[in-house]
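So that the names make sense, note that chain A is the first sequence line, chain B the second, and so on, each numbered from 1.
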Number of protein chains: 2
Amino acid sequence: MNKDISDTHIRLARYAKAMSHPIRVYVLDVLSSQKCCYSGDLSEYLPIAKSTLSQHLKELKESGLIQGEIEAPKIRYCLNKENWNEAQELFHQFLKR
Amino acid sequence: MNKDISDTHIRLARYAKAMSHPIRVYVLDVLSSQKCCYSGDLSEYLPIAKSTLSQHLKELKESGLIQGEIEAPKIRYCLNKENWNEAQELFHQFLKR
DNA sequence: TTCGTGTTTCGTAAAAATGCGAATTAATAT
DNA sequence: ATATTAATTCGCATTTTTACGAAACACGAA
């Protein structure tokens, strides 16, 4: 029996929290299958207000999974490879697949 | 670009939500490395009230990832293999590992 | 039936999450 | 300077989540 809540558990929970909303799963899905994407493009296909999308993108940024880069007047988003890889590894180990 | 939020996205988000708290990650970790576990045993190692643990266990039950069986006066918890396998598969595909 | 063990549910409080429209910001062009 | 485009932040309302202790429940033994 593991004796403690470890940093690994906490890290995993943090990434899971970032993925705990369908919109955010969708965004990560898009970004993992193409290099980058503009907020406006995402907004086009999602049934939510642009402001709501911004809030979800903010949560993903704060989790470390994505990052944004200003290309005026647009913002381009892409995965943060380091953290995406960490999430991949953590889930892989946790789910033993 | 994927055109819609799919059922897959929603399913994945639901499992991610179940894992979005460290206590629940810990519980799943324990259950995935041993056949089953009693609520009292879990409670012994976790720095939370028993009632809080019950609430977390309830969330895991509602997500479908675990199930409980009464062995009076105790309750034994174990993974729900079908849903655990589904979560494994969904995360595996999503994270491409 | 009562009692004891183990656990859950309830009630409460506070914090966090979610959604929207309005206001604001950031960058560039004119 | 103003105007435009693109996006974010803010304010608000509502719901959900998280944590705890008390109350209640579930079951078997006496």
Side-chain angles (χ1 to χ4, degrees), chain A residues 1 4-5 9-28 30-31 36-80, chain B residues 1 4-5 9-28 30-31 36-80:
Chain A
M1 168 91 62
D4 295 304
I5 300 278
H9 294 131
I10 293 169
R11 290 296 292 163
L12 193 74
R14 182 66 187 89
Y15 287 131
K17 176 169 171 263
M19 300 180 200
S20 62
H21 190 290
I23 296 284
R24 298 204 289 272
V25 173
Y26 174 85
V27 170
L28 289 170
V30 169
L31 292 184
C36 59
C37 197
Y38 296 96
S39 176
D41 294 333
L42 288 168
S43 186
E44 214 174 301
Y45 297 104
L46 291 167
I48 54 174
K50 292 181 201 293
S51 61
T52 304
L53 176 59
S54 275
Q55 285 170 333
H56 283 301
L57 291 172
K58 183 175 181 180
E59 171 62 21
L60 286 170
K61 277 190 293 179
E62 285 173 356
S63 76
L65 287 174
I66 70 171
Q67 60 202 22
E69 187 178 333
I70 297 176
E71 291 188 6
K74 300 187 176 188
I75 303 190
R76 187 174 67 174
Y77 287 96
C78 63
L79 289 181
N80 176 302
Chain B
M1 166 95 58
D4 295 305
I5 301 275
H9 293 130
I10 293 169
R11 290 297 292 162
L12 193 76
R14 183 66 187 91
Y15 287 130
K17 177 170 172 260
M19 301 180 198
S20 63
H21 189 288
I23 296 284
R24 299 204 287 272
V25 174
Y26 176 84
V27 170
L28 289 170
V30 169
L31 292 185
C36 60
C37 196
Y38 297 93
S39 176
D41 293 334
L42 288 167
S43 185
E44 215 175 303
Y45 297 105
L46 290 166
I48 53 173
K50 291 179 201 298
S51 58
T52 305
L53 176 59
S54 275
Q55 286 171 329
H56 284 301
L57 291 172
K58 181 174 180 179
E59 171 63 21
L60 285 170
K61 276 190 293 178
E62 286 172 355
S63 76
L65 287 173
I66 71 170
Q67 58 202 23
E69 187 180 332
I70 295 175
E71 290 189 7
K74 300 186 177 191
I75 305 190
R76 186 174 69 175
Y77 288 95
C78 63
L79 289 181
N80 175 302

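Considering only the side chain of I70(A), dA27(C) comes nearest among dC20(C), dA27(C), dT5(C). Comparing dC20(C), dC10(C), dG6(C) by their closest approach to the side chain of Q55(B) singles out dC10(C).
Taking atom CD1 of I75(A) as the reference point, atom P of dT25(C) lies 15 Å away to the nearest angstrom. Atom NZ of K50(A) and atom C1' of dA23(C) are 17 Å apart (whole Å). Atoms NZ (K58(B)) and P (dC10(C)) sit 7 Å apart, rounded to a whole Å. Counting to the nearest Å, the P atom of dG19(C) and the CG atom of L53(A) are 11 Å from each other. For E71(B) and dG6(C), the CD to P distance is 14 Å, given to the nearest whole Å. The distance between atom CG of L42(B) and atom P of dG6(C), rounded to the nearest whole Å, is 15 Å.
In this pair, H9(A) and Y26(B) present their aromatic rings perpendicular. The plane angle is above 60°, beyond the 30 to 60° band.
Salt bridge K61(A)/E69(A): absent, no basic N to carboxylate O contact under 4.0 Å.
Among the protein residues, S39(B) comes within range of the sugar-phosphate backbone only, with heavy atoms under 4.0 Å from sugar or phosphate atoms but none that close to a base.
Between R76(A) and S51(B), the residue anchored nearer the 5' end of DNA chain D, judged by the nucleotide with its closest heavy atom, is R76(A).
At dG19(C), one or more side-chain N or O atoms of H21(A) fall inside 4.0 Å of OP1 or OP2 (strictly under the cut-off).
Along DNA chain D, the stretch of nucleotides lying under 4.0 Å from any heavy atom of chain B spans, 5' to 3', dT17(D) to dG28(D).
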